[in-house]
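Position 1 is the first residue of the sequence, and the numbers go up from there.
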Amino acid sequence: RSRHTVIYLHNPSIGQTGVYAAIVGALGAVPRYRKAELIAQAMNLLAAEEHERGRLSVLIVDEAHLLGDDRRQERFPLSSLLAGFGQAQRTSSRVRLVVCGLPTLSLNLKRARTYAERMVRHVIIGHLEREDAWDALGIPLSGSGRTFDLSLVGEIVERTAGYPYFLQFFGGFLCSRVGRADVLLK
């Protein structure tokens, strides 16, 4: 039995309603689509994971730099997400939010209308060590049915200097554009 409930959102650009609907759906409920009710429903379900099932809820939002607030258009998806999780943490200390993204995420967090800088621990992942960069390519490939020639992996690691975004970009590009299971460097 797992001690964690992990909810992974790979594309937060589905909108504020979409983010909360994804949380509700991942927790096995049918989302209510009036925004205020949906946010409350998501936060209540996350709290229930701890109180009823004894699980730590972790929401991982990848590409979170896409959640920048826009004061001119009065849209605040990042602030709303942070405020919702701030409320959830005040009522249930076992709810965690992990946001991942490009360096602009740091600026977006500073601009958020909440006290995000007090809520979050900011960890910058710089260039990966050579072995970790190899793993960043190799581990996802191992379950994909695809293989990259070792010299190709070495070339990607070398050319990207282990920068995570570029490792991800090259790996994704090759998987989507090369129609072969085995990819070789020529």
Side-chain angles (χ1 to χ4, degrees), residues 2-128 132 136 139-140 162-169 172:
S2 176
R3 297 182 323 156
H4 300 90
T5 297
V6 177
I7 302 164
Y8 175 75
L9 295 176
H10 68 281
N11 182 9
S13 63
I14 57 178
Q16 200 172 355
T17 302
V19 169
Y20 289 106
I23 293 168
V24 169
L27 295 174
V30 176
R32 299 178 193 140
Y33 278 98
R34 290 201 344 222
K35 191 188 288 186
E37 289 178 12
L38 180 61
I39 292 171
Q41 181 186 23
M43 294 303 123
N44 289 337
L45 287 168
L46 287 168
E49 280 297 297
E50 175 187 11
H51 299 301
E52 296 172 15
R53 293 171 196 77
R55 293 183 181 163
L56 169 65
S57 294
V58 180
L59 174 65
I60 301 172
V61 181
D62 203 355
E63 306 293 337
H65 58 276
L66 300 173
L67 287 175
D69 291 345
D70 187 340
R71 292 174 195 246
R72 281 180 264 145
Q73 293 186 6
E74 295 187 12
R75 292 187 178 180
F76 304 99
L78 183 59
S79 293
S80 174
L81 184 66
L82 293 172
F85 271 82
Q87 177 63 33
Q89 287 180 333
R90 286 188 286 280
T91 60
S92 171
S93 62
R94 296 182 52 84
V95 176
R96 299 293 183 260
L97 173 66
V98 177
V99 291
C100 312
L102 295 176
T104 55
L105 176 58
S106 298
L107 182 59
N108 291 347
L109 286 168
K110 286 181 183 178
R111 290 180 177 164
R113 295 182 329 148
T114 64
Y115 294 103
E117 66 279 357
R118 297 180 193 164
M119 294 173 53
V120 299
R121 191 176 93 195
H122 188 222
V123 178
I124 296 174
I125 299 174
H127 297 270
L128 300 177
D132 294 330
I139 291 171
Y163 188 68
Y165 173 80
F166 292 121
L167 288 167
Q168 178 183 353
F169 176 83

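Panel note: side chain Asp70, backbone Arg75; no donor-acceptor pair is recorded below 3.5 Å.
One finds the CG atom of Leu67 at 8.5 Å from the CG atom of Leu105 (value rounded to the nearest 0.5 Å). The CG atom of Leu66 lies 11.5 Å from the CD1 atom of Ile14; values are rounded to the nearest 0.5 Å. Atoms CG and CG, from Asn44 and Leu27 in turn, are 11.0 Å apart once rounded to the nearest 0.5 Å. Atom OH of residue Tyr20 and atom CG of residue Leu45 lie 13.0 Å apart, to the nearest 0.5 angstrom.
For the residue pair Gly126 and Pro164, the shortest heavy atom distance occurs at O-CD, 3.3 Å. In terms of heavy atoms, Val98 sits closest to Cys100 at CG1-SG, 3.9 Å. Between Pro31 and Ala21, the shortest heavy-atom contact is CG-O, 3.8 Å. When all heavy atoms of Glu63 and Gln168 are compared, the pair lying nearest together is OE2-NE2, 3.8 Å.
You'll find the side chain of Pro12 stays beyond 4.5 Å of the side chain of Val99, heavy atoms only. When side chains are defined from C-beta on, Asp69 does not count as touching Asn108, because their heavy atoms never get closer than 4.5 Å. A heavy-atom distance below 4.5 Å is not found between the side chains of Tyr8 and Val58.
Each of Gln41, Met43, Arg32 was compared with Val24 under the side-chain contact (heavy atoms from CB on, under 4.5 Å) criterion, and only Gln41 meets it.
The side chain to side chain donor-acceptor pair (under 3.5 Å) search around Arg34 returns Glu37, not counting sequence neighbours. Shown here are the side chain to side chain donor-acceptor pair (under 3.5 Å) partners of Ser13, two or more places apart in sequence or in another chain: Asn11. Among residues two or more places apart in sequence or in another chain, the side chain to side chain contact (heavy atoms under 4.5 Å, CB included) test is passed with Ala136 by Leu128, Leu167. When the side chain to side chain donor-acceptor pair (under 3.5 Å) test is applied to Tyr163, no partner is found at least two apart in sequence or on another chain. Every residue meeting the side chain to side chain donor-acceptor pair (under 3.5 Å) condition with Glu49, not counting sequence neighbours, appears here in chain and number order: Thr5, Arg53.
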The test is side-chain contact (heavy atoms from CB on, under 4.5 Å); show your working for Leu46 and Ile7 and say whether it passes. CA-CA 10 Å; Leu46 287 168; Ile7 302 164; 4.1 Å; yes
Taking it one step at a time, do Ser80 and Ile39 satisfy side-chain contact (heavy atoms from CB on, under 4.5 Å)? CA-CA 9 Å; Ser80 174; Ile39 292 171; 4.1 Å; yes
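Within the structure, side chain to side chain donor-acceptor pair (under 3.5 Å) contacts touching residues 97-107 (residues at least two apart or in different chains) are Ser106-His122.
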